[in-house]
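Contents: one structure, followed by commentary.
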Amino acid sequence: MQNTVHIIGAGISGLSAAVRLANAGFKVHVHEATQQAGGRCRSYFDAATNLTIDNGNHLLLSGNSYAVAYARSIGTEAGLVGPKRAQFPFVDLATGQRWQLDLGDGRLPLWVFDEARRVPDTGLLDYLALMPLIWAAPGKRVGDTIRCEGTLYQRLVQPLLLAALNVDPPEGSAGLAGAVVRETLLAGGRACRPLIARDGLSAVLVEPAIELLKGNGASIQFGHELREFGMSANSIGELRFGEDTVAIGPDDAVVLAVPPRAAASLLPGLKTPSKFRAIVNAHFRFDPPRDQPAILGVVGGLVEWLFAFPQRLSITISNADRLLELPREQLAQTIWRDICKAAGIRSELPPWQIVRERRATFEATPEQNALRPGAATNRKNLFLAGDWTDTGLPATIEGSARSGNRAADLVLAMRRA
Ligand SMILES: Cc1cc2nc3c(=O)[nH]c(=O)nc-3n(C[C@H](O)[C@H](O)[C@H](O)COP(=O)(O)OP(=O)(O)OC[C@H]3O[C@@H](n4cnc5c(N)ncnc54)[C@H](O)[C@@H]3O)c2cc1C
C-alpha cells in the first residue's frame, strides 16, 4: 500500500519535503493555512507599483546546494540567474567610492591574495584575522570572535553577515556566521555566484513545485490551518483543522513545516526560537539605468542592497526593527535618495511599495540559536521542518530546503524501519 504523508505548511521547507516524498512514491497531502503557497518566500501583484513583486528580494548563492537542488528537482534551476563569476560591485554612499569584489569562479578563495580582486585598502592579514570565525564555538558571539571594525569589516564582513544573520553582526552567533563563511567565502567564487529568481519567487520556487506535486497525485489544500493534533500513544493520531479532522494511520507520517510560533502552540512544551527580526524591502517602479548591475552592495547609507529588475529597482534593509514605526512616505523618500546616489539617478519619487516583514527571521544570536530543535520529535510519526529548526545555518532558503530534506529523510527511514 502507498504510504501517506501530511505536510503542514507550504513554505519552502514544506514544499521541499513534499516534492522529495512525492518523488519517493508517497501519497502527499499538503495543508496550508493561507490562500497562497510560499510562506515568507512569495510573489504577489502590487497595485501601488502595478507590478508583480516579491515579499522580499531573496538572494541565493551558487553554493546553496540544497536550495539549488530543490530548484533542479522542480525543473527551475535555470530560473535562478546570476553572473558567471562571483563579482559583487559595491558603492560607499558616504564617500562615493565604488569597487568590485571579484571572488572569481574557482574552488579556493585565491582572490584574497590578489589586491585587484579583494576589497580596496585591505591586506591579506585582514582576511586571516577572520579565521577564528571558522571554528567558533556555538555559544560565542561574532563580536567575541573577530574584531568588528576596520575597512574589511565595514566593506565586506558587516554587509555579508548582516544579510545572512539579520542581526547586527557583533551580537550574532559566531557558530552560524562561521557556517556561512565556510560555505561561501571559504569555498571560493564557485560557491559565491549571486543567484536571483528574476521572474519572481513564486514563478521560480513555488508554483512549479505545486504543479509537480499535483501532477504526482498530491493534494494541496489552501485555507486549511492545522488547529490541533490528536495524540494517540506516542504518535500523532489525528489532524484537527477546525471544520474537519483527518485520521492518521499507523504507517502515516506528518511533517510540521510551520513557523516557530505556530509550531510551539501546536506542540506545547516544544522549545523554539522566540525572538525575531524584521526585514524591510522597498520597490520602486523605475526602469533601471542601462549599466545598473543586477545586485549592488551599498554601504554608508540606509539601503544595504540594491537590486535591478525589469521596470523596477528594489532594496533590502536587514535587522530593520528600528524602521517599523517610521511613516511609510518618509521611509520611501529616504530610501529613494539613497537609490538615486547609488545608481546615479536624478528623479522624483516614482510609484513605490514598502514591505515590512516583522518576523522575517528568528534572531540569529547564540541564545536563540540554542533553542532550535532537531527534526525528530517525541512522536514517532511527527517530524519538524523550517528555517528555524536546527539546520546549522541562519534562517535562509538554503536552511529551509535543507530542513525539508532532512524531515523527508526521516519519513523515508520510518517507512524502512
Ligand atoms: C523579507 C525577507 C527577505 C528574505 N531574504 C532572504 C534572502 O535573501 N535569502 C535567503 O536565503 N532567505 C531569505 N529570507 C528567508 C527565507 O524567506 C525563509 O528562510 C524561508 O522562506 C522560510 O521558509 P519556511 O518553509 O521555513 O517557513 P515559512 O515560509 O514561514 O512557511 C511556513 C508556512 O506554514 C504556514 N502555516 C503556518 N501555520 C500553519 C498551520 N497551523 N497550518 C497550516 N499551515 C500553516 C504558513 O502560512 C507558511 O506558508 C528572507 C525572508 C524575508 C521575510
Side-chain angles (χ1 to χ4, degrees), residues 6-18 29-42 53-61 63-64 66-68 70 80 160 162-166 180 183-184 194-197 201-202 205-206 209 220-229 239-242 254-267 273 276-283 295 304-305 307 314-320 354-362 364 372 384-389 391 393-404 407:
H6 292 267
I7 312 277
I8 317 296
I12 297 297
S13 61
L15 291 176
S16 63
H29 299 284
V30 180
H31 309 272
E32 165 56 43
T34 66
Q35 296 300 332
Q36 190 184 351
R40 277 169 285 152
C41 175
R42 67 188 187 283
I53 59 175
D54 293 333
N55 70 312
N57 300 309
H58 280 60
L59 179 64
L60 290 174
L61 296 178
N64 292 160
Y66 284 77
V68 172
Y70 164 72
L80 295 173
L160 172 75
L162 177 59
L165 302 178
N166 197 27
V180 171
E183 295 190 16
T184 58
L195 298 174
I196 291 178
L201 293 172
S202 290
L205 293 176
V206 180
I220 323 275
Q221 279 177 277
F222 293 104
H224 211 220
E225 179 181 349
L226 181 68
R227 303 280 168 83
E228 204 182 359
F229 284 116
L239 301 177
R240 298 180 186 144
F241 292 96
V254 179
V255 174
L256 185 64
V258 301
R261 281 156 53 109
S265 79
L266 287 162
L267 292 170
F276 304 89
R277 292 287 168 93
I279 297 180
V280 167
N281 278 263
H283 309 274
I295 306 160
E304 291 157 6
W305 298 94
F307 295 79
S314 291
I315 64 91
T316 300
I317 304 169
S318 296
N319 189 27
I354 287 180
V355 187
R356 300 191 255 208
E357 288 267 7
R358 282 179 182 269
R359 281 188 281 276
T361 69
F362 74 89
R372 299 169 80 184
L384 302 177
D387 61 357
W388 56 277
T389 57
T391 63
L393 292 175
T396 51
I397 294 186
E398 174 68 3
S400 301
R402 219 174 265 200
S403 76

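Just follow the structure's listing: the first ligand is 1, and inside any ligand the first atom is 1. Every heavy atom of this structure was used, including side-chain atoms; hydrogens, water molecules and symmetry mates were not.
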Which heavy atom of His283 sits nearest a heavy atom of Asn57, and at what distance?
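Of all heavy-atom pairs spanning His283 and Asn57, the closest is CE1-OD1, 3.9 Å.
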Of all the heavy-atom pairs spanning Asp387 and Ala395, show the shortest one and how long it is.
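In this case the closest contact between Asp387 and Ala395 is OD2-CB, 3.3 Å.
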Could you list which atoms of ligand 1 come closer than 4.0 Å to a heavy atom of [X]?
X      : value
Asn57  : 5 (N), 8 (O)
Glu357 : 1 (C), 53 (C)
Gly38  : 29 (O)
Pro259 : 30 (O), 32 (C), 34 (O), 37 (C)
Thr34  : 47 (O)
Thr396 : 10 (C), 11 (O), 12 (N), 19 (O)
Gly386 : 26 (O)
Ala395 : 15 (C), 19 (O)

Who are the side chain to side chain donor-acceptor pair (under 3.5 Å) partners of Ser318, not counting sequence neighbours?
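Residues passing side chain to side chain donor-acceptor pair (under 3.5 Å) with Ser318: none at all.
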Please state whether Asn64 comes within less than 4.0 angstrom of ligand 1, counting heavy atoms only.
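Asn64 does not count as a contact of ligand 1 under the 4.0 Å cut-off.
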His224 near ligand 1, heavy-atom distance under 4.0 Å?
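His224: in contact with ligand 1 (<4.0 Å).
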Just to confirm my output: which protein heavy-atom neighbour is closest to [atom], and how far is it?
atom                    : value
atom 9 (N) of ligand 1  : Leu59 O, 3.0 Å
atom 14 (N) of ligand 1 : His58 NE2, 3.3 Å
atom 20 (C) of ligand 1 : Ser400 OG, 3.4 Å
atom 2 (C) of ligand 1  : Ile279 CD1, 3.7 Å
atom 18 (C) of ligand 1 : Asp387 OD2, 3.3 Å
atom 44 (N) of ligand 1 : Ala33 N, 3.1 Å
atom 31 (O) of ligand 1 : Gly11 CA, 3.4 Å
atom 42 (N) of ligand 1 : Leu226 N, 2.9 Å

With a sphere of 6.0 Å drawn around CZ of Arg261, does it hold more than 12 non-hydrogen atoms of other residues, nucleotides or ligands?
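Atom CZ in Arg261 is not crowded, with 12 or fewer foreign heavy atoms closer than 6.0 Å.
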Atom OH of residue position Tyr66 - does it have more than 12 heavy atoms of other residues, nucleotides or ligands inside 6.0 Å?
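Incorrect, the count does not exceed 12.
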For ligand 1, note which part of [X] has a heavy atom under 4.0 Å away: side chain, backbone, both or neither.
X      : result
Ser403 : neither
Thr361 : neither
Ala360 : both

Taking 4.0 angstrom as the limit, do Arg42 and Glu32 come out as a salt bridge?
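No, Arg42 and Glu32 are not salt-bridged.
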Only heavy atoms count here, so choose which of [options] is nearest to [atom].
atom                    : options               : value
atom 32 (C) of ligand 1 : Gly399, Ala257, Gly39 : Ala257
atom 29 (O) of ligand 1 : Gln35, Arg40, Glu398  : Arg40
atom 12 (N) of ligand 1 : Leu195, Ile397, Val30 : Ile397
atom 1 (C) of ligand 1  : Ile317, Ile12, Asn281 : Asn281

Take Thr396 and Asn64, measure what side chain to side chain contact (heavy atoms under 4.5 Å, CB included) needs, and give me the verdict at the end.
CA-CA 10 Å; Thr396 51; Asn64 292 160; over 6 Å; no
Any residue meeting ring pair (Phe, Tyr, Trp, His ring centres under 6.0 Å) with Trp305, in chain and number order, not counting sequence neighbours:
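Only Phe90 meet the ring pair (Phe, Tyr, Trp, His ring centres under 6.0 Å) criterion with Trp305.
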CA sep, side-chain torsions, deciding dist, call: Arg372, Thr391, side-chain hydrogen bond (donor to acceptor under 3.5 Å, both in side chains)
CA-CA 8 Å; Arg372 299 169 80 184; Thr391 63; 3.0 Å; yes
Rounded to the nearest 0.5 Å, what separation is found between the [atom1] atom of [X] and the [atom2] atom of [Y]?
X      : Y      : atom1 : atom2 : value
Leu160 : Thr184 : CG    : OG1   : 5.5 Å
Leu266 : Leu226 : CG    : CG    : 5.0 Å
Leu60  : Tyr70  : CG    : OH    : 11.5 Å

Could you walk me through whether Thr361 and Phe276 pass the side chain to side chain contact (heavy atoms under 4.5 Å, CB included) check?
CA-CA 6 Å; Thr361 69; Phe276 304 89; over 6 Å; no
Test Leu393 against Glu183 for side chain to side chain contact (heavy atoms under 4.5 Å, CB included), laying out the working first.
CA-CA 10 Å; Leu393 292 175; Glu183 295 190 16; 3.9 Å; yes
Decide whether an N or O pair under 3.5 Å exists between Glu32 and ligand 1.
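Right, the criterion is met.
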I'd like to know whether Thr316 forms a side chain to side chain contact (heavy atoms under 4.5 Å, CB included) with Ile279, so could you lay out the CA-CA distance, the side-chain angles of the two residues, the decisive distance to 0.1 Å, and finally the verdict.
CA-CA 7 Å; Thr316 300; Ile279 297 180; 3.9 Å; yes
